[in-house]
Structure formats: structure tokens, C-alpha cells
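Proteins come first, then strands; the chains are lettered A, B, ... in the order of their sequence lines, and each starts at number 1.
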2 protein chains.
Amino acid sequence: MSVKPEGESCIVHQFGKMIELNETEINLLSALEKEVRLFKAGERLSLSGDYSDRFYTLKSGWACAIKTLADGQRQVLDIFLPGQIIGLREIGLSHSLSEFRALTTIEVCPFPKQRLTEIFEQSVRLTDLFFLIMAREQAMLIERIINIGRRNATERLAHFIVEMKTRLNQRASEFHMPINQSIIGDTLGISSVHVSRTFKYLRDLGYIEKNNGQIEIKNLEGLIELSGFDRTYLESTPVWTRLRSSMK
Amino acid sequence: MSVKPEGESCIVHQFGKMIELNETEINLLSALEKEVRLFKAGERLSLSGDYSDRFYTLKSGWACAIKTLADGQRQVLDIFLPGQIIGLREIGLSHSLSEFRALTTIEVCPFPKQRLTEIFEQSVRLTDLFFLIMAREQAMLIERIINIGRRNATERLAHFIVEMKTRLNQRASEFHMPINQSIIGDTLGISSVHVSRTFKYLRDLGYIEKNNGQIEIKNLEGLIELSGFDRTYLESTPVWTRLRSSMK
DNA sequence: CGTGGGGTTGATTCTTATCAATTCGGGTGG
DNA sequence: CCACCCGAATTGATAAGAATCAACCCCACG
């Protein structure tokens, strides 16, 4: 993971990875940032239904958006990795639709939502970029709907593993997945017991190996084939030439 | 597919339902519109993976976004009702992630996506509004994920019926649902045969009655209770005061 | 009259949930 | 260093839910 220079805003760092930022844009983004906050694994950043006036960039650790039903069942809506923006999805809404929770110890930078307004007024390029990021988030939600709606447990888990590896940008075949099987089940819409069985099945197939939260992919092609994984949804290009010309 | 001339812009009409539009804003929106097109039931507006440079407002009829998997299974991602914008979700992307299809005979107004740029430059209020509409679309996707991931067939169908009634703004207990059980199944992630059984079950419970695509809700409270329907996700308020003050 | 698409119903099979018992591994306190 | 504890993972047995396959009905439409 890359190192962030002292004193630099982490949203600038993240956005700077996507497009070239000029000085005005850097100042606009930096102005949003005030502090870095720590949360421990399991802690909640905000509750579902809360008045929510801020969002966060995730500097380190894993987090998730989760919704609990009346009968106690849970559905994980998103898993956030370092560099992502937590709560962006609800940027236009005054009240949160889901609860945000730390999955590991995390560092986040909170930003007040309302000041986004200033950005819209002063930089069309940044407006475009926010739209693009939202569009990508939606693409992930859609892929999740397809995964849950039309694939069986084995395919769902295989897809999830490939997605995580892709999102973590791992070239190595082994990576760390610091979440338990209950969270995985609530993400994929299956029970934690069945997650365990499905992992065993993938191990028996010789596709993966795993211990202590380390996942070793022994047959990536097999997983992709099995799950029908289509990587294009993670790398869609923006429609605006204004942005496209400066995409990294 | 045919083309017909049209007097009043339908996007102005739709947006005008949500907020008060001043003359500048009306002109900006009207400028996007060129024509009205007709599609017959079953016709495709665009294909998945296509280069997509436009979106549509739906004047009349029902349409859907649908994705077909490699093995022929299908997942319906959205059902569009009159007044909605088709393709807004992919507004920031150059290539479509799903295919759009007419479910009945429809009238749509196509708009070039790229000119959205002009709107961002010239009206912050409209920019806010587009963000709000996207946020609401996401809220519906999330509700769909919860529905598919954590509810059984009966609950899913009950939820779907209540959602449709709510979105159609029906005060009457009876309304028209011009889609077949195969589409409903592909929306809810169950087989069409099971949709039929589930309808029968809801009929046996005395919650609904139905013939010829007409649905009569005989026990709305029962359906809401059964499905855990929460209407707040369809009526979230915007975070920006600029918009809030002129919301209708 | 046929014909075809959608809907219904029954029989069977497959997948996954649920419940329960057991094991594993890491952390804690004596 | 060891005994214990606790949450997570595993495994087995059973039950529930939904898919699949197949037959049949209904009806709109040529």
C-alpha cells in the first residue's frame, strides 16, 4: 500500500489516483477535510435512519454498509476497502439508509456532505468525477443483485473471492481477507454454515486454499469460469471527454 | 420504432413535478430534448455492452433494465414506470451495463448524455437534483438486494406488490400490472413457476385477488406486515437546502 | 377451428437452512 | 507454562424452500 505524505488530505490522495488534479481542485478537496478518526473492529460509524451530514474516506482497514431487518436477519450492502468513500451513495439524502460498521480497526477522514455544494459550484470536473464514482458504485450493486438473484452458493462465493482479489489489485495469488464467514454469508445472502461448506467444496475442487483469513487462489481461471465473473464492471470508462483526457 | 414531433419537453414536465423550475432551468432541460420515440412491447432500446450516449425519459408504458447471463438466466435490475429516467444509472459510463427493454408499448424521449455537462456548468440546482434522483435509484437497488438476499419467495412477492402500488401512487386498491410472471420471477430471483404458486398462496391468504393483469389488494396491512415493507426508502429527503426549499 | 403463449398444478429432485454437536485456535489468568 | 474460555469454523442429520420437469388448462388471435 502506498504511503501518504504527512499533512496531505486523503481524499486528495485518492482522487489524485484517478485523475490529474490542478491546484484549485486540490484546494477544494482539502478544504473538506478536518481530521482523521479511528474506529475499532465492530464499531459503528453511524446508524441506519440517522441524520447523516457527512461521509468518510477510508484510509486503512475494511468496513461495510449493513442493514438489519426486523427479524434480526442482516444484509451487507457494501464492503469498503482502503481508498473508497464510505457513504457516498447517500450523498443526496439527509437520512442514512444503512448502518456503517468497521470490520477491522480503521482510519477514516470525515467530510461534511453539504460542502459538496461548493465543489459543484466551482469545479465541473470534480462534479463529473463524483458522478463517475457513484456510477461505479452502482455497477457494483448491480453485480451484487445478479450474484444473489441468479447464482448458487458456490458461484456466489467464487465470484466474491475473485471480486475481492480484483478490487485489492492483488497480483500475488495469496491475500488477506479479514472478515468472518458470518459477514460473508450476510453479503452473499446465504447462511454462515453454508459458507463454511462452500469453502470446503472450493477447497476440494482444488481452487483455493485458506487458513487464518489468508486466501490462496490455486486456480483463478477455474473460479472465473465457475462464477461467470466479468471484470468490465469494475473498470468502466467515463463518458465525459473532459474527464477521459486526464484519467490515469 | 417510430418518431413523432412533440410540443412540450417531457423531462421538463417530470422535473417540474419535483421542484420549481425557473426559466433558465427550463431552457437548459428543453435543449436536451429532440423527439419522442415509440417502442413496442418486447423491443430493446439498447444492448448490454453497447456504447451508450443517451438516456431516455419514459412518458408512457412500462420498461425494464435486464441482464442476461452466459447460461441464459436473466435478472431484471429495474422496472421503470412513467416519469422515470431510463439509463440515468449509467450516466457517467460510456458503455451500458445492462439492456433496456420495453415491457409494454412505450413512448420515450431520448437525450444525449454528454450534454449533461452543460447543465453541470450552468445550474448547480439541477446538478443537485440529478444527484438526488441517482441517490433514490440507489435506494431502490439496495431495497432490491435486501429483498432478494434475505426474504423468501412469499415475502419477496408481497414486497414487490406493495412497492409497485406505492410507486404507482395508487390510492385505489386495484391497479394494473402489465408484466408476466416470468419477468416478475427474473426480478425477484425466483422461477416463474414459483411465482405462480406464490400468487396462489397470497390469494389463499386472502391478501390479494387478481385477473388479467389487474391486481386487487384486499389486505394491504397484511402484505406490509408479511414483507417488512418500509416506505421511507421511496421518499427520502434531499440534503441540500438549496433544493429542499423548492421541493414540491 | 388450430395454435401458441402464459398460467396452473402435481411429482420429484436439488439446494440451502436449521439445529446440534464437536473441534480449532487465540487470548487470558492462575 | 498450562488450563481454561470463547468465538469461529466444521461436520452431520434433518427439514424447508424452491427448481425442474411435465401435463394440462385457458384464452386471445389468426
Side-chain angles (χ1 to χ4, degrees), chain A residues 40-42 62 69 71-76 103-105 147-161 176-205 208-216 226-227, chain B residues 40-42 62 69 71-76 101 103-105 147-161 176-205 208-215 226-227:
Chain A
K40 294 199 203 102
W62 289 32
L69 304 193
D71 62 359
Q73 286 194 99
R74 297 182 312 171
Q75 177 67 46
V76 172
L103 292 169
T104 66
T105 298
N147 210 23
I148 295 178
R150 283 295 174 220
R151 292 198 256 254
N152 67 26
T154 312
E155 293 161 351
R156 288 183 211 181
L157 185 57
H159 192 278
F160 181 75
I161 293 169
H176 188 57
M177 179 134 56
I179 54 180
N180 65 31
Q181 298 187 348
S182 176
I183 291 289
I184 296 175
D186 287 335
T187 305
L188 301 179
I190 55 184
S191 71
S192 63
V193 174
H194 204 59
V195 171
S196 173
R197 278 187 233 280
T198 309
F199 263 125
K200 175 170 162 50
Y201 181 66
L202 288 179
R203 264 185 273 120
D204 290 349
L205 279 178
I208 62 168
E209 210 54 68
K210 134 186 131 72
N211 52 350
N212 274 31
Q214 285 294 122
I215 303 260
E216 185 191 352
L226 176 62
S227 65
Chain B
K40 293 199 205 103
W62 290 32
L69 302 194
D71 61 359
Q73 288 194 97
R74 298 183 311 172
Q75 176 68 46
V76 172
R101 188 184 286 251
L103 291 170
T104 65
T105 298
N147 210 23
I148 294 176
R150 283 293 174 224
R151 293 198 256 252
N152 66 27
T154 312
E155 294 162 350
R156 287 184 213 182
L157 185 57
H159 192 277
F160 181 75
I161 293 169
H176 189 56
M177 179 136 52
I179 53 181
N180 65 28
Q181 299 187 348
S182 177
I183 290 289
I184 296 176
D186 287 336
T187 306
L188 302 179
I190 56 185
S191 71
S192 64
V193 173
H194 204 60
V195 171
S196 172
R197 278 187 233 281
T198 309
F199 264 125
K200 173 170 163 50
Y201 181 67
L202 288 180
R203 265 186 273 119
D204 290 349
L205 279 178
I208 62 169
E209 211 53 68
K210 133 186 133 74
N211 51 350
N212 274 31
Q214 285 292 124
I215 302 261
L226 176 61
S227 65

J.: Ignoring hydrogens and angles, tell me if any N or O in the side chain of B:Gln75 forms a donor-acceptor pair with the backbone of B:Thr187 under 3.5 Å.
T.: yes
J.: Would you say the side chain of B:Leu188 lies within less than 4.5 Å of the side chain of B:Val195, judging by non-hydrogen atoms?
T.: no
J.: Need to verify one output field. Residue with the more 5' nearest nucleotide on DNA chain D, A:Arg150 or A:Arg203?
T.: A:Arg203
J.: Of all of residues 188-198 of chain B, which get a heavy atom below 4.0 angstrom from DNA chain D, listed by number?
T.: B:Gly189, B:Ile190, B:Ser191, B:Val193, B:His194, B:Arg197
J.: In whole angstrom, what separates A:Ile184's CD1 from D:dA8's C1'?
T.: 12 Å
J.: In whole angstrom, give the distance that lies between atom CE of B:Met177 and atom P of C:dG6.
T.: 16 Å
J.: What is the distance from NZ of B:Lys210 to C1' of C:dG7, rounded to the nearest Å?
T.: 7 Å
J.: Return the value, rounded to whole Å, for the distance between atom CG of B:Asn152 and atom C1' of D:dA19.
T.: 15 Å
J.: Give the rounded distance in Å between these two atoms: CG of B:Asn180 and C1' of D:dC26.
T.: 16 Å
J.: For a 4.5 angstrom cut-off between non-hydrogen side-chain atoms, does B:Ile148 reach B:Arg156?
T.: yes
J.: Do B:Lys210 and B:Leu202 have side chains that approach each other closer than 4.5 Å (heavy atoms only, starting at C-beta)?
T.: no
J.: Taking A:Met177's backbone N and O only, do any of them form a donor-acceptor pair with A:Gln214's side chain (distance below 3.5 Å, no angle check)?
T.: no
J.: Would the distance check show the side chain of B:Thr104 and the main-chain N or O of B:Trp62 forming a donor-acceptor pair, the cut-off being under 3.5 Å?
T.: yes
J.: Rounded off to whole Å, could you give me the OH-to-P distance for the A:Tyr201 and D:dT10 pair?
T.: 17 Å
J.: Considering every strand and a 4.0 Å limit on heavy-atom distances, what is the contact class for A:Arg156: base, sugar-phosphate, or nothing?
T.: nothing
J.: Using only side-chain N and O atoms of A:Gln181, determine if any of them is under 4.0 Å from OP1 or OP2 of D:dG7.
T.: no
J.: Rounding to a whole Å, what distance do you find between A:Asn212:CG and D:dA9:P?
T.: 11 Å
J.: Measure the spacing between OG1 of A:Thr198 and CZ of A:Arg203 and express it to the nearest 0.5 Å.
T.: 10.5 Å
J.: Calculate the interatomic distance between A:Phe199 atom CZ and D:dT11 atom C1'; express it in whole Å.
T.: 16 Å
